Amino acid sequence: ALYQESLQLDEQLGDKQGKAASLHQMAQVFLTRGDLDRALALYQESLQLVEQLGDKKGKAASLAMMAQVFLTRGDLDRALALYQESLQLDEQLGDKQGKGATLSNMANVYFARGELDQAQSLMEQAIEVRQQVGDLQGIAYDTVKLGQLSQARGDHSRALEGYRQGLAIFERLGMPEAGQVRQMIADLETGDRRQPGERQQPDDRLAQAIQQARAAAGRGDRAAAVRYQEQAVGLARQAGQARQALINLSVLLYNLGGFYAQAGRMDEAVKTMEEVVALDEHTGHPDLESDRQRLEALRSQAAGEAQTEQAASGEEDEASFEELLQAQLAQLPPEQRAQAAAQIRQAFAAFQQMTPAERAAQLDAAQRAQYTQAADRAREAGLAYAGRRVSQAQALDFLTSLGQQAAEGEQPGSPWLEVAGLCRSLAALIGGEPPTPTPAQYAAHFSAVQTALQPRTSNEENL
């Protein structure tokens, strides 16, 4: 509805560039809904406008998204033709970010056709281009896809190499795809190390528990995700003490620790990750160092939350509460602090009357509301600049200030650091600087601003 309203305003103003952008954004909504015909019609209409304007960048974006529609339909030839046309425009414009994405998408088409040599060549070109612009997320995706190509050829050694390289980047960026790649590694190692006569039928109960945990996490049911993953871990413990069995157990425990953290059960998350590190040390697993770093991040996060809960529960005196209050207010713009202080003091008084369970739930909701509000304000600053409501300097000053406030005094693993990361990535986008990693949690915020500024989508496929 908002995009339609924006489209009407564009038409009233005779703003063809704005109309093309609105059509493009509306098409993305229909594509997400699965209404491919409507999405394609809107992309085609947007394409006609950008062609009239001589906007090659917009044309490349529309062609790439139309290719995505045809790819979703299974029309690989038509998708490939559109990607090739988009690639030509990327090269004419010197748009390396777009070129890397287009090369990667073309490689996916050839992979789907079974033309593995061509797919590998394009994927390697995509990685080379992405390295030039510092696109770490794209490099991680493409490196893992190279591993999948090697696995399709039966070269498990090179496949594992690709998976591990991609995993290292996903973990560095804190992206949820790390858990999926870990499972791919474990599955491949299990099949690769057994002798033909030793192969066994998969444990249906274990596979079902893992699937149920992932499904629950996907729909936001944290309690169910924990419950099913605990079942999976329990079943994995029955596999014995062989090295591969312990590696598989480590993967499942790592994911369980993540589910615990998402559910706010930090003590259990830390204990689970401690077991992962112990298993890594015992098995000589190459992920030992990154798992140690993850453990330290969880410990820091747990310590920070414990301190906050202690203050909120009234176990510290009024002076300690005031100190905590001032730290929270420092993360807000000056004009909002007086009102926020009054609201927080009122909430603290009511908080004292709650049960421990009610306090935990209230604290979690309040903290998440702060993160969400700050991230939304960063996105709105970017959209305001895209809509020409503020200048570039004003948008950059706001994002820089908000990012500094969010990051100040925070420990590794703090959600505020993800807000700060969003601010940095948006500032780089608006300022025309080399891209910086965007926290996965706020990818949609970044995409909204990127689309408004320059309707372009890299269309990374699922692993």
Side-chain angles (χ1 to χ4, degrees), residues 140-141 143-196 198-218 225-226 228-261 269 272-295 462-463:
Y141 281 113
T143 302
V144 171
K145 289 172 187 174
L146 279 178
Q148 291 176 305
L149 281 167
S150 296
Q151 185 172 356
R153 288 191 170 106
D155 189 345
H156 289 187
S157 176
R158 293 193 64 180
L160 285 171
E161 180 181 354
Y163 292 156
R164 292 194 188 285
Q165 290 176 358
L167 174 63
I169 302 175
F170 282 136
E171 289 182 329
R172 175 182 170 188
L173 299 179
M175 296 178 66
E177 285 83 352
Q180 185 178 354
V181 179
R182 280 176 170 271
Q183 190 63 55
M184 292 163 67
I185 292 171
D187 292 343
L188 185 56
E189 286 183 331
T190 300
D192 194 34
R193 296 189 180 201
R194 288 177 179 167
Q195 298 301 317
E198 296 176 332
R199 294 188 182 275
Q200 301 173 356
Q201 292 298 320
D203 187 328
D204 291 339
R205 293 179 302 162
L206 177 58
Q208 182 180 20
I210 293 173
Q211 183 178 8
Q212 289 173 321
R214 290 176 178 172
V226 167
Y228 288 124
Q229 192 69 16
E230 286 176 336
Q231 293 177 12
V233 168
L235 292 167
R237 291 189 190 281
Q238 300 173 17
Q241 298 298 306
R243 182 175 183 274
Q244 190 55 51
L246 295 178
I247 289 175
N248 293 341
L249 174 60
S250 174
V251 171
L252 295 173
L253 284 167
Y254 181 94
N255 292 333
L256 176 59
F259 291 147
Y260 278 142
T272 301
M273 201 63 207
E274 287 174 343
E275 185 175 358
V276 171
V277 170
L279 287 170
D280 287 351
E281 293 172 342
H282 178 72
T283 60
H285 201 281
D287 293 336
L288 173 59
E289 186 57 35
S290 63
D291 287 343
R292 282 174 172 164
Q293 294 174 3
R294 173 63 174 162
L295 172 59
N462 291 330
L463 296 176

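What you see is a predicted model, and the numbers here were worked out from it, not measured in a lab. Index from 1, following the sequence. We use all heavy atoms of the structure for the numbers below, so side chains are in, but hydrogens, waters and symmetry mates are not.
- With sequence neighbours left out, the salt bridge (charged side-chain N to carboxylate O under 4.0 Å, His left out) criterion links E281 to R292.
- For the atom pair CG (N248) and CD1 (I185), the distance works out to 11.5 Å, reported to the nearest 0.5 Å.
- The two residues A261 and A269 make their nearest non-hydrogen contact at N-CB, 3.8 Å.
- Here the shortest heavy-atom pairing between F259 and A225 reads CD1-O, 3.8 Å.
- Not counting sequence neighbours, R172 has no partner by the salt bridge (charged side-chain N to carboxylate O under 4.0 Å, His left out) test.
- The CG atom of L149 sits 11.0 Å away from the CG atom of D155 when rounded to the nearest 0.5 Å.
- A pairwise comparison of heavy atoms in A186 and V251 identifies CB-CG2, 3.8 Å as the closest pair.
- Nearest heavy atom pair, residue Y163 against residue V181, reads O-CG1, 3.4 Å.
- Between L279 atom CG and L253 atom CG the span is 6.5 Å, to the nearest 0.5 Å.
- Distance check, rounded to the nearest 0.5 Å: OG of S150 to CG of L146 gives 6.5 Å.
- Residues passing the side chain to side chain donor-acceptor pair (under 3.5 Å) test with T143, sequence neighbours excluded: none.
- Atom OH of Y254 and atom CG of L249 lie 15.0 Å apart (nearest 0.5 Å).
- If you run side-chain contact (heavy atoms from CB on, under 4.5 Å) between E230 and each of L235, L256, T272, only L256 comes through.
- Two residues are said to be in side-chain contact when any heavy atoms from C-beta on lie closer than 4.5 Å; R294 and E171 fail this criterion.
- Listed by first then second residue, pairs satisfying side chain to side chain donor-acceptor pair (under 3.5 Å) with a partner in residues 231-242 read R237-E275, not counting sequence neighbours.
- Between V277 and L288, the shortest heavy-atom distance links the atoms O-CD1, 3.8 Å.
- The two residues L252 and A232 have their closest heavy-atom pair at CD1-O, 3.9 Å.
- In terms of the side chain to side chain donor-acceptor pair (under 3.5 Å) criterion, Q293 has no residue partners (sequence neighbours excluded).
- Applying the side chain to side chain donor-acceptor pair (under 3.5 Å) test to D291 and every residue at least two apart in sequence or in another chain returns R182.
- E161 places no side-chain N or O within donor-acceptor distance of the main-chain N or O of G147, the cut-off being under 3.5 Å.
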